[in-house]
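Notes follow once the structure below has been shown.
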Amino acid sequence: MKKIRVMLADDHPIVMTGFAMSLEGQGLDVVAQARTPEDALAQFQQLKPDVAVLDIRFGEQLTGLDVARQILAHTPSAAIVFLSQFDQDSLIKETYRLGGRAFMTKDCDPADLAAAVRRAHEGELYFLPHIAERLANLSVRGDASPQSQLDERALEIFTLMAEGLTNAEIAEKLDVSTKTISNISQAVKEKLGVHRPAYITRLAVKHGLIEP
């Protein structure tokens, strides 16, 4: 039987080498290991692997989510498995919404990752029971994430607030008036129901906007 050809994309070489060895040990053929989003896009186009395993958070200007968007825009049938160190609800939902066929955390069992790759190659979804349960709960109770409640500019300002920037610093960074930032930040706090800086940061971490 022809081996499934896999492309890995992660900016940590040791981590990626470990996953490559694990997948090879499970009978899969790792044909590419990309360290940057740009490299991942180029290698996917050149090698046309059966399955792309993308780390969500690698790269600076682009991320694994951006890579997936571009791949799926050109190849809607592409089989993509997402890897993440974190398993926030918003990340899980976004990967599913984009068209990812599996979401796996980096501490998963190698056999589970191999199973995810095989299922993705067959055109099926693969979510571990606890991930599937959270996806179902999100569908029932709705999405309360900042990403779903704020427009693009407000979300950008919320993220900068969560990183600890003052209104003046945000205004300078975005090249707008401090008064404008003050008005938007106050509206954001009211909409999300968070006012203390610590709560803002905690909410941003929970939904994958900043790292802990």
Side-chain angles (χ1 to χ4, degrees), residues 1-88 90-128 131-132 135 147 152 155-156 159 207-211:
M1 184 179 295
K2 185 179 178 182
K3 287 186 176 182
I4 298 172
R5 300 168 66 252
V6 181
M7 179 186 80
L8 294 175
D10 193 303
D11 57 359
H12 294 93
I14 294 177
V15 172
M16 190 158 55
T17 299
F19 280 124
M21 292 176 63
S22 296
L23 292 177
E24 293 275 4
Q26 295 284 331
L28 303 172
D29 183 15
V30 177
V31 297
Q33 297 183 45
R35 291 192 185 184
T36 68
E38 294 79 8
D39 190 25
L41 287 167
Q43 293 204 49
F44 185 89
Q45 292 169 1
Q46 178 184 354
L47 300 172
K48 296 179 171 52
D50 298 315
V51 180
V53 179
L54 307 177
D55 181 14
I56 289 178
R57 292 186 175 177
F58 80 115
E60 296 179 0
Q61 300 301 319
L62 298 175
T63 68
L65 294 174
D66 296 313
V67 172
R69 290 187 186 97
Q70 294 191 43
I71 287 175
L72 291 168
H74 291 91
T75 312
S77 62
I80 295 177
V81 172
F82 285 103
L83 270 176
S84 178
Q85 183 178 351
F86 308 101
D87 61 351
Q88 292 99 333
S90 58
L91 285 181
I92 297 170
K93 186 170 183 177
E94 181 64 9
T95 59
Y96 178 70
R97 187 190 68 79
L98 276 178
R101 296 185 183 172
F103 178 99
M104 306 295 293
T105 53
K106 289 189 175 182
D107 60 355
C108 68
D109 188 295
D112 286 328
L113 180 58
V117 168
R118 290 193 175 94
R119 290 280 288 275
H121 181 242
E122 293 168 2
E124 300 177 4
L125 298 177
Y126 184 88
F127 295 98
L128 293 174
I131 298 293
L135 264 176
Q147 293 94 320
E152 185 175 350
L155 184 63
E156 181 179 21
T159 303
H207 291 283
L209 290 166
I210 64 173
E211 295 199 13

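Counting from 1, the numbers follow the sequence of the chain as shown. Because the structure is a prediction, the values reported are computed rather than measured.
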Could you please spell out the steps behind the side chain to side chain contact (heavy atoms under 4.5 Å, CB included) verdict for Lys106 and Phe19? CA-CA 9 Å; Lys106 289 189 175 182; Phe19 280 124; 4.2 Å; yes
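- Looking at heavy atoms from C-beta onward, Gln33 lies in side-chain contact with Thr17 at the 4.5 angstrom threshold.
- Remark: the backbone N or O of Met7 is not paired with any side-chain donor or acceptor of Gln43 at under 3.5 angstrom.
- We find the CG-CD distance between Asp66 and Glu38 to be 9.5 Å, quoted to the nearest 0.5 Å.
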Given salt bridge (charged side-chain N to carboxylate O under 4.0 Å, His left out), test Glu94 with Arg69 step by step and report yes or no. CA-CA 11 Å; Glu94 181 64 9; Arg69 290 187 186 97; 3.0 Å; yes
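- Arg35 places a side-chain heavy atom less than 4.5 Å from the side chain of Met16.
- With rounding to the nearest 0.5 angstrom, the CG atom of Leu209 is 5.5 Å from the CG atom of Leu155.
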Between side-chain atoms of residues 44-54 and protein atoms elsewhere (two or more places apart, or another chain), which donor-acceptor pairs fall under 3.5 Å?
{"unit_1": "Lys48", "atom_1": "NZ", "unit_2": "Gln45", "atom_2": "O", "d": "2.9"}
{"unit_1": "Asp50", "atom_1": "OD2", "unit_2": "Arg5", "atom_2": "N", "d": "2.7"}

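- Side-chain contact between Phe82 and Leu65: present, with at least one pair of heavy atoms (C-beta onward) separated by less than 4.5 Å.
- Rounding to the nearest 0.5 angstrom, the gap separating the OG1 atom in Thr63 from the CD1 atom in Ile56 is 8.0 Å.
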Would you check, one step at a time, whether the test side chain to side chain contact (heavy atoms under 4.5 Å, CB included) holds for Met104 with Val81? CA-CA 7 Å; Met104 306 295 293; Val81 172; 4.1 Å; yes
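- Closest non-hydrogen pair, Ser84 versus Phe103, comes out as CB-CZ, 3.9 Å.
- The only member of Leu83, Asp10, Asp55 that meets side-chain contact (heavy atoms from CB on, under 4.5 Å) when paired with Val15 is Asp10.
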Considering only distance and modelled atom types, tabulate donor-acceptor pairs under 3.5 Å from the side chains of residues 108-119, sequence neighbours left out.
{"unit_1": "Asp109", "atom_1": "OD1", "unit_2": "Ala111", "atom_2": "N", "d": "2.7"}
{"unit_1": "Asp112", "atom_1": "OD1", "unit_2": "Tyr126", "atom_2": "OH", "d": "3.4"}
{"unit_1": "Arg118", "atom_1": "NH2", "unit_2": "Gln26", "atom_2": "O", "d": "2.3"}
{"unit_1": "Arg119", "atom_1": "NE", "unit_2": "Glu124", "atom_2": "OE1", "d": "2.6"}
{"unit_1": "Arg119", "atom_1": "NH2", "unit_2": "Leu125", "atom_2": "O", "d": "3.3"}

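- Scanning all heavy atoms of the two residues, the minimum distance from Ala9 to Phe58 falls at CB-CZ, 3.6 Å.
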Show me, pair by pair, the donor-acceptor contacts under 3.5 angstrom made by side chains of residues 73-80, not counting sequence neighbours?
{"unit_1": "His74", "atom_1": "ND1", "unit_2": "Gln70", "atom_2": "O", "d": "3.0"}

Yes or no on salt bridge (charged side-chain N to carboxylate O under 4.0 Å, His left out) for Asp29 and Lys2, after CA distance, side-chain angles and deciding distance? CA-CA 9 Å; Asp29 183 15; Lys2 185 179 178 182; over 6 Å; no
